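Proteins get letters first, then strands, A, B, ... in listed order; numbering begins at 1 in each. This is a predicted model, so every value here is computed, not measured.
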Amino acid sequence: MLDWYDTHARAMPWRVGPADRRAGQRPDPYAVWLSEVMLQQTTVATVRDYFRRFIALWPTVDDLAAAEDADVMAAWAGLGYYARARNLLKCARVVSRDLEGRFPASLAGLLQLPGIGPYTAAALASIAFDLPETVVDGNVERVISRIFRVETPLPTAKPELTALAQRLTPAQRPGDYAQAIMDLGATICTPRNPACGICPWRAGCAAQAAGVQADLPRKVPKAVKPTRRGEVYVTRNASGDWLLETRPERGLLGGMLAFPTSDWSQDPAPAPPFEADWCSIGTVKHTFTHFHLLLEVHTADAGQKNPTRGTFIPDSRFRAADLPTLMRKAFDLAQATSDNAQASHKRPVNPVPEVP
DNA sequence: CAAACGTGGAA
DNA sequence: TTTCCAAGTTT
């Protein structure tokens, strides 16, 4: 695995490559931590730019700890699982205030911190501190279940896979090994069509020997997602300020900037932020982890009205990029609708020829 | 411990 | 179009 990693390691902004690592270079624990939290349930391709932006805005854990909550949530917007961003800040503040800006160099110490669970603690311990801890993420579950031909379905198989993975973790270069086995899972031992022909583990893989590699790991089927509905209210006042609110800490899109909405359920009760002749401009479709959402977008001119919730934010201080993706979709629809209205106002009669 | 918690790309 | 799934953690 380590030989394979020496020649096939993927380059990433937060990673110290195998050559530099063997020359004695160590990654910055802050950068490793930030990348690992971002990578939770999130692809490398998506994380890259977010990681670079965060490092540019907040180069050290002390910088991040001193940041405004709203700025960090805005920078996280679009990455999803927003509890990660809230815990990221909590963790940075603990490390900065209580630990002199240094991450604990032990599994147990890391596990105490907000947002750091078994995987992230092992990743930090091994990658940043070169401790012989074992990472078990989705990649490792797949690689191990195939090498040992574990037929037990996940998540039941998790403890078994963890024990097997621990047996393979070497005392030498545990950090590079952790990254190697995850790279292998991401590039060779993939969920569909694994590239067994070029796999360094081919000779020792029980699933490959039996020809069942594509069927592993087995998983319990997922529940079908229900569809919920809701309403969202996109409005500006006479000054052109946008009515926005910060969603409650707990729950969906917690802590994020958003337009006011009704509840989201099978039969939502309308909840406009003020009485007006609300106009429905269409429906936004969005899928969350556990349900589909059909969100009907309403607009109205707020004029001089005093809403029951939310705050008017001047257009100059509002960036659509600070919104979570669902709200961004609602914003884009409202923009397109108002653009169309303006265009048709300027050119009221401009019939598009019918194309048969 | 099951359920909650986002999003985008690939098949 | 729909499902699957990606370097999981918290409650």
**Request:** For residues 31-42 of chain A, pull every pair meeting side chain to side chain donor-acceptor pair (under 3.5 Å), keeping only residues two or more places apart or in separate chains.
**Result:**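 Residue pairs passing side chain to side chain donor-acceptor pair (under 3.5 Å), neighbours aside: A/E36-A/Y119, A/Q40-A/T120, A/T42-A/R84.
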Please answer whether the main-chain N or O of [Y] pairs with a side-chain N or O of [X] as donor and acceptor at a distance below 3.5 Å.
| X | Y | answer |
| --- | --- | --- |
| A/T169 | A/A165 | yes |
| A/K329 | A/K285 | yes |
| A/D63 | A/T60 | yes |
| A/T162 | A/K158 | yes |
| A/S126 | A/P132 | no |

Would you kindly give the [atom1]-to-[atom2] distance between [X] and [N], to the nearest whole Å?
| X | N | atom1 | atom2 | value |
| --- | --- | --- | --- | --- |
| A/L184 | C/dA7 | CG | P | 12 Å |
| A/H290 | C/dT11 | NE2 | C1' | 13 Å |
| A/R250 | C/dT11 | CZ | P | 6 Å |
| A/H292 | C/dT2 | NE2 | C1' | 8 Å |
| A/Y81 | B/dA3 | OH | P | 15 Å |
| A/K222 | C/dT2 | NZ | P | 17 Å |
| A/F288 | C/dA6 | CZ | P | 21 Å |
| A/E141 | C/dG8 | CD | P | 8 Å |

Classify [X] by what it touches in the nucleic acid, base, sugar-phosphate, or nothing, heavy-atom distance under 4.0 Å.
| X | value |
| --- | --- |
| A/M12 | base |
| A/R15 | base |
| A/G78 | sugar-phosphate |
| A/G251 | sugar-phosphate |

**Message:** Please tell me if A/R86 has a side-chain N or O lying less than 4.0 Å from either OP1 or OP2 of C/dT9.
**Reply:**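 Result: no.
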**Request:** Look at the side-chain N and O atoms of A/H286 and state whether any lies under 4.0 Å from the OP1 or OP2 oxygen of B/dG6.
**Result:**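 Looking at the OP1 and OP2 atoms of B/dG6, neither is under 4.0 Å from any side-chain N or O of A/H286.
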**Asked** For the residue pair A/H286 and A/F288, is the inter-centroid distance of their aromatic rings smaller than 6.0 Å?
**Response**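 Yes, the ring centres sit under 6.0 Å apart.
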**Asked** Who passes side-chain hydrogen bond (donor to acceptor under 3.5 Å, both in side chains) against A/R149, sequence neighbours left out?
**Response** A/E151
**Prompt:** Are A/L243 and A/L295 connected in the hydrophobic side-chain network, where two residues link if heavy atoms are under 4.5 Å apart?
**Reply:**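 In one cluster: no.
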**Request:** Kindly point out which of B/dT7, C/dG8, B/dC5 is positioned nearest to the side chain of A/L252?
**Result:**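 Nearest to the side chain of A/L252 among the choices is B/dC5.
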**Message:** Side chain of A/T325, heavy atoms from C-beta onward: which of C/dC5, B/dC5, B/dG8 has the nearest atom to it?
**Reply:** B/dG8
**Message:** Test question: given the 4.5 Å side-chain rule for I, L, V, M, F, W and Y, name all other residues clustered with A/V212, or answer none.
**Reply:** A/L216
**Asked** Between A/T289 and A/N193, who's closer to the 5' end of DNA chain B by nearest nucleotide?
**Response** A/T289
**Message:** Using the side chain to side chain contact (heavy atoms under 4.5 Å, CB included) definition, which of the options A/T299, A/D315, A/D301 pairs with A/R236?
**Reply:** A/D315
**Request:** Check each residue of residues 26-63 of chain A for a non-hydrogen atom within less than 4.0 Å of any atom in DNA chain B, then write out the ones that pass by number, or none.
**Result:**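 Per residue number, the list reads A/Q41, A/T42.
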**Message:** Tell me whether the rings of A/W242 and A/F318 are parallel (<30°), tilted (30 to 60°) or perpendicular (>60°).
**Reply:** tilted
**Request:** Scan residues 114-125 of chain A against DNA chain C and write down, sorted by residue number, each residue with any heavy atom closer than 4.0 Å; if none is found, say none.
**Result:**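 Nucleic-acid contacts, sorted: A/P114, A/G115, A/I116, A/G117, A/P118, A/Y119, A/T120.
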**Message:** Let's see if you get this right: which residues in residues 150-174 of chain A place a heavy atom under 4.0 Å from DNA chain C?
**Reply:**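 Heavy-atom cutoff 4.0 Å gives no residues at all.
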**Request:** Answer yes or no: does atom CZ of A/R229 have more than 12 heavy-atom neighbours from other residues, nucleotides or ligands under 6.0 Å?
**Result:** no
**Item:** Donor-acceptor pair (no angle test) under 3.5 Å: A/R10 side chain, C/dA7 base
**Value:** yes
**Item:** Along DNA chain C (nearest heavy atom to each residue), the more 5'-positioned of A/N87 and A/W14
**Value:**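 Per heavy-atom nearest nucleotide, the more 5' residue is A/W14.
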**Asked** In whole Å, what separates the C1' atom of C/dA7 from that of B/dA3?
**Response** 22 Å
